[in-house]
2 protein chains.
Amino acid sequence: MEELDQRIVQLLLQDGRMSYTDLGKATGLSTSAVHQRVRRLEQRGVVRGYTAIVDPEAVNLALTAFISVKPFDPSAPDDTPERLVGLPEIEACHSVAGDENYILKVRVPGPGDLEDLLARIRTAAGVSTRTTVVLSTPYEARPPKL
Amino acid sequence: MEELDQRIVQLLLQDGRMSYTDLGKATGLSTSAVHQRVRRLEQRGVVRGYTAIVDPEAVNLALTAFISVKPFDPSAPDDTPERLVGLPEIEACHSVAGDENYILKVRVPGPGDLEDLLARIRTAAGVSTRTTVVLSTPYEARPPKL
DNA sequence: GCTGAAACGCTAATATC
DNA sequence: GATATTAGCGTTTCAGC
């Protein structure tokens, strides 16, 4: 990717609400030129969207956990992600190398909700689970250095 | 938290660049009232900031991994997060219950960079590591249902 | 692909209730 | 806390290069 686009992406990672005017000033381009570039980045799928970064505890999602998942029947076709996509507590689903097949990142209000969620995951996807509870999060969602 | 604030937060999770005018229309409040509420949410730390959601492969970060970390000396004071905060490849650091002490989420261009990063993590923090490589990511960064 | 300009819409501050 | 108002600023589009 081109250097100017990279610069723009980095600025939007740091502040997703930065104005095109300010992006222009920061990159030495005109407002229209930045605007065009951002739209191309969005069209090409480099920029997929924008979001607020929210304190999970403040929105009643105080319990975060990682759930490693393994199908009961390893020979069956594996459609685990689609089977789980409807559970909104699952923030992310990664297919991984290693002992298990997937790692899920989930957020729930508390332990009882985690218990419920685990049951729903097992029945919806036909998997066994291994859960790692997050105690605290020193940092998260840091913008990468490009 | 109040219902209106929750609604606003949800809308900003779905579109971090939504205008105050549109937030007002969506919530039935005036532009100024929404604006005030958003600023209070930011001040209170409920909304911590805004960011673009970017395709990691498009910005030369094609390899994602989870690294579980355990101090060599479990009796020493544990300042692992501070020791690692300077490594920009680390997107998140979670303290967890279980066999290991922390789970790190990292992104690098490729396997060689992961090897380098692991060495830097071990020497910087005095820890042993266990790495789980992400093969693909069916979904990630989904906004939670509030 | 970039610039510059004009129309339009949004933001942010003030005043009022 | 909410609304109304308004000046200033940002966004978006388009013509021109």
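Throughout, a chain's letter reflects where its sequence line sits, starting with A, and its residues are numbered from 1.
- When the shell of 6.0 Å around CD of Gln14(B) is examined, it contains more than 12 heavy atoms from other residues, nucleotides or ligands.
- The stretch residues 3-15 of chain B has no heavy atom under 4.0 angstrom from DNA chain C at all.
- Near-neighbour residues of DNA chain D inside residues 32-55 of chain A, defined by a heavy atom below 4.0 Å, number-ordered: Ser32(A), His35(A), Arg39(A).
- Considering every non-hydrogen atom in both Ala26(B) and Leu11(B), the closest pair reads CB-CD1, 3.8 Å.
- Sorted by first and then second residue, the ring pair (Phe, Tyr, Trp, His ring centres under 6.0 Å) pairs with a member in residues 120-146 of chain B form an empty list; sequence neighbours excluded.
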Dump the pairs, protein N or O against N or O of nucleotides 15-17 of chain C, anything under 3.5 Å, distances to one decimal.
none

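- Scanning both residues, Gly24(B) and Val34(B), for their nearest heavy atoms gives CA-CG2, 3.4 Å.
- In this structure Asp78(B) satisfies the salt bridge (Lys or Arg N to Asp or Glu O under 4.0 Å) test with no other residue, sequence neighbours excluded.
- The shortest distance between side-chain heavy atoms of Leu63(B) and Pro109(B) does not fall below 4.5 Å.
- The separation between Glu2(A) atom CD and dG1(C) atom C1' is 10 Å, rounded to whole Å.
- Boundaries of the chain B contact region on DNA chain D are dG1(D) to dT5(D), first to last in 5' to 3' order (nucleotide atom under 4.0 Å from a heavy atom).
- Within the structure, the salt bridge (charged side-chain N to carboxylate O under 4.0 Å, His left out) test picks out the following pairs touching residues 136-146 of chain B (sequence neighbours left out): Lys105(B)-Glu140(B), Arg107(B)-Glu140(B).
- Scanning all heavy atoms of the two residues, the minimum distance from Ala92(B) to Ala141(A) falls at CB-N, 4.4 Å.
- Checked by atom type and distance alone, the side chain of Gln6(B) never pairs as donor or acceptor with a backbone atom of Val59(A) at under 3.5 Å.
- The side chain to side chain donor-acceptor pair (under 3.5 Å) analysis of residues 42-61 of chain A, with sequence neighbours excluded, yields the pairs Glu42(A)-Tyr50(A), Arg48(A)-Asp55(B), Asp55(A)-Arg48(B).
- Annotation: side chain to side chain donor-acceptor pair (under 3.5 Å) contacts involving residues 15-38 of chain B, sequence neighbours excluded, comprise Glu2(B)-Arg37(B), Asp5(B)-Arg37(B).
- At a non-hydrogen distance threshold of 4.0 Å, nothing from residues 16-27 of chain B comes into contact with DNA chain D.
- Residue Ile8(A) comes nearest to Val38(A) through the heavy atom pair CG2-CG2, 3.8 Å, listed as atom of the first residue, atom of the second, then distance.
- For Arg122(B), the side-chain hydrogen bond (donor to acceptor under 3.5 Å, both in side chains) partners two or more places apart in sequence, or in a different chain, are Thr129(B).
- Side-chain contact check for Phe72(B) versus Val127(B): every heavy-atom pair is 4.5 Å or farther apart.
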Pairs under 3.5 angstrom only: tabulate donor-acceptor contacts from the side chains of residues 94-101 of chain B to other protein residues two or more places apart or in another chain.
residue   : atom : partner   : partner atom : Å
His94(B)  : ND1  : Thr137(A) : OG1          : 3.0
Glu100(B) : OE1  : Arg130(B) : NH2          : 3.4
Glu100(B) : OE2  : Arg130(B) : NE           : 3.0

